[in-house]
Amino acid sequence: MMNVVQDGLGWIEVICGSMFSGKTEELIRRLRRAQIAKQKVAIFKPAIDNRYSEDHIVSHNEQRIPSISVENAWQILEKSGDAQVVGIDEGQFFGMELLDVCNRLADDGKRVIVAGLDQDYRGKPFEPIPQLLAVAESITKTLAICVKCGSPANRTQRITHDRSRVVVGAADVYEARCRKCHEPPEDE
Ligand code: ZN
């Protein structure tokens, strides 16, 4: 694992997994360490996700770190300035543009750390995270615990009947399930 930003060496780290797997917690941990090392850090999240806070990234275990809400991936590029480390939460909400943006930031010598869902609620790969995994220098898959059987879980079960791909919510809408216990909706 690379922990030190060398001058001019950029790269991409992806932290992905189901909901309740500790992705945001891990993102915050890495960003805090960079801040402690007095590196310039810029932290972004999509404006769509204001579940807990408008101006902080907040994990399910109540860790928080100040962040900038942006409407789209290009604003991350515009607002990163001279940051050495760029943190991005909920990467799946930014769409495929995030791939280009992360590559450009890393090419520019920045350490880019993206957290996001790798699968949607049906268990299908959730772009742009699969594409980011392909170009990333470092990948961390986080696992939750299945609420049904207690096994390691990497799927997100939607417990409401909404069929749109993006429904922002927490324990009121989703729970972590393992492969065996995950029940995808029947295809229409
Ligand atoms: Zn299970």
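All ligand and atom numbering here is 1-based and tracks the order in the structure.
For the pair Arg158 and Tyr174, the cation does not sit on the ring face, since its NZ or CZ is not both under 6.0 Å from the ring centre and inside 45° of the axis.
Within the model, atoms CG of Leu77 and NZ of Lys110 stand 9.0 Å from one another, a figure rounded to the nearest 0.5 Å.
With sequence neighbours excluded, the residues forming a side-chain hydrogen bond (donor to acceptor under 3.5 Å, both in side chains) with Arg32 are Gln63, listed by chain and number.
Within the protein, the number of N/O/S atoms found under 2.8 Å from the Zn ion (ligand 1) is 4.
A salt bridge links Glu175 with Arg177: at least one charged nitrogen is closer than 4.0 Å to a carboxylate oxygen.
Remark: side-chain polar atoms of Arg30 are not paired, donor with acceptor, to backbone N or O of Ala34 under 3.5 angstrom. In terms of modelled atom types and a separation under 3.5 Å, the side chain of Asn72 and the main chain of Gln75 share a donor-acceptor contact.
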